[in-house]
Amino acid sequence: MHTKVAKSPTAAECSILDAIWQLESATVRQVFDHLSSQRKIGYTTVLKFMQIMISKELLVRDTSVRPQVYRVAKPREETQQGMLKSLIRQVFRNSPGELVLQALSLQQSTPQQIAEIRKRLDEMESASHR
């Protein structure tokens, strides 16, 4: 029986994605060096996660070079949007408004962030009246 592999990245996989987004492309050693400067993690653990991430289509691997180089399969924004869509559907009853209200209630936003939120809401409201 074929089991479907979940496509959403785990927290550990998000750390690897973030490292590769920053580096643009990287070997396992480069990702390991990046992550191990922040916390204790094993090289083989990073390698195993990256292998799993290939099967989840989160990473692509260039096998024509040695050592092999990894890139993210999708841009950061596309990955974030996919994760948010899933979260909104599964946790917030398909209500992006509930997600935003919960997020805003968790911590204080800066005046700049509030201004950006207002601007985005104004743009959305303006677009809905066209």
Side-chain angles (χ1 to χ4, degrees):
M1 181 160 118
H2 181 66
T3 57
K4 184 180 177 191
V5 177
K7 301 265 183 171
S8 292
T10 64
E13 291 168 346
C14 284
S15 296
I16 292 170
L17 286 172
D18 190 54
I20 299 175
W21 278 319
Q22 289 179 44
L23 299 167
E24 295 183 14
S25 65
T27 63
V28 175
R29 171 64 59 191
Q30 290 169 318
V31 173
F32 166 74
D33 289 344
H34 184 87
L35 295 177
S36 65
S37 71
Q38 301 164 7
R39 66 177 184 278
K40 185 174 166 87
I41 190 166
Y43 178 87
T44 55
T45 301
V46 173
L47 173 63
K48 184 64 180 169
F49 273 118
M50 291 174 72
Q51 290 169 336
I52 292 167
M53 292 170 74
I54 288 172
S55 69
K56 292 171 83 171
E57 299 176 359
L58 295 168
L59 295 178
V60 291
R61 175 178 50 203
D62 182 353
T63 58
S64 69
V65 295
R66 293 278 182 223
Q68 297 174 352
V69 175
Y70 294 77
R71 292 183 341 279
V72 292
K74 297 177 184 170
R76 179 188 300 259
E77 187 174 277
E78 190 176 331
T79 300
Q80 289 172 335
Q81 287 175 352
M83 292 174 71
L84 274 175
K85 284 178 184 176
S86 177
L87 184 66
I88 290 168
R89 184 178 58 254
Q90 294 174 17
V91 179
F92 293 96
R93 300 179 308 210
N94 250 0
S95 173
E98 282 191 37
L99 170 79
V100 170
L101 292 172
Q102 283 293 332
L104 290 172
S105 71
L106 288 177
Q107 66 186 46
Q108 187 71 32
S109 297
T110 67
Q112 296 83 6
Q113 290 169 327
I114 292 170
E116 181 61 33
I117 292 166
R118 278 199 179 100
K119 178 182 171 198
R120 184 71 57 99
L121 289 171
D122 290 344
E123 290 169 357
M124 291 172 68
E125 187 175 33
S126 176
S128 71
H129 288 116
R130 290 184 195 155

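Since this is a predicted model, take the numbers as computed values, not measurements. Each residue takes its place number in the sequence, starting with 1.
The line from CG of Asp33 to CG of Leu23 is 10.0 Å long, rounded to the nearest 0.5 Å. Taking CZ from Arg29 and CG from Leu47, the interatomic distance works out to 10.5 Å, rounded to the nearest 0.5 Å. Expressed to the nearest 0.5 Å, how far CG of Leu106 lies from CG of Leu101 amounts to 11.0 Å. To the nearest 0.5 Å, atoms CZ (Phe49) and CG (Leu59) are separated by 12.0 Å. Between the CD1 atom of Ile88 and the CD atom of Gln81 there is a distance of 10.0 Å, given to the nearest 0.5 Å. Distance check: Ile117 CD1 to Gln112 CD gives 11.5 Å after rounding to the nearest 0.5 Å.
Residue Phe92 comes nearest to Gln102 through the heavy atom pair CE2-CG, 3.7 Å, listed as atom of the first residue, atom of the second, then distance. The two residues Ser25 and Gln30 come nearest to each other via the heavy atoms O-OE1, 4.2 Å. The two residues Leu58 and Leu17 come nearest to each other via the heavy atoms O-CD2, 3.9 Å. Taking every heavy atom of both residues into account, Thr27 and Pro67 meet most closely at CG2-CG, 3.6 Å. The shortest heavy-atom contact between Ala73 and Val60 is CB-CG1, 4.3 Å. Contact record, Val72 with Trp21: CG2-NE1, 3.4 Å, taken as the closest heavy-atom pair.
You'll find the side chain of Lys119 reaches within 4.5 Å of the side chain of Glu116, heavy atoms only. Residues Ile20 and Tyr70 have side chains in contact (heavy-atom distance under 4.5 Å, counting atoms from C-beta outward).
No more than 12 heavy atoms of other residues, nucleotides or ligands sit less than 6.0 Å from atom CD of Glu125. Sparse packing is recorded around CD of Glu77, with 12 or fewer heavy atoms of other residues, nucleotides or ligands lying under 6.0 Å away. No more than 12 heavy-atom neighbours from other residues, nucleotides or ligands sit within 6.0 angstrom of CZ on Arg71. Annotation: Arg39, atom CZ; neighbour count of heavy atoms from other residues, nucleotides and ligands within 6.0 Å is above 12. Crowding of Gln22 atom CD: a count of heavy atoms from other residues, nucleotides or ligands under 6.0 Å exceeding 12.
In this structure a side-chain-to-backbone donor-acceptor pair under 3.5 Å is missing from Gln38 to Leu35. No side-chain donor-acceptor contact under 3.5 Å links Glu78 to the backbone of Pro75. Without hydrogens or angle criteria, Ser37 side chain to His34 main chain gives a donor-acceptor distance under 3.5 Å.
Put simply, Ile114 and Leu121 are part of two different groups of oily side chains (I, L, V, M, F, W, Y) that touch within less than 4.5 Å, one to the next. Residue Met83 is not grouped with residue Val91 when hydrophobic side chains (ILVMFWY) are merged at heavy-atom distances under 4.5 angstrom, including chains of intermediate members. Under a hydrophobic clustering in which Ile, Leu, Val, Met, Phe, Trp and Tyr are joined whenever their side-chain heavy atoms come within less than 4.5 Å, directly or via other members, Val69 and Tyr43 fall into different clusters.
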Audit row: Lys56, Thr10, side chain to side chain contact (heavy atoms under 4.5 Å, CB included) steps and yes/no: CA-CA 11 Å; Lys56 292 171 83 171; Thr10 64; 4.2 Å; yes
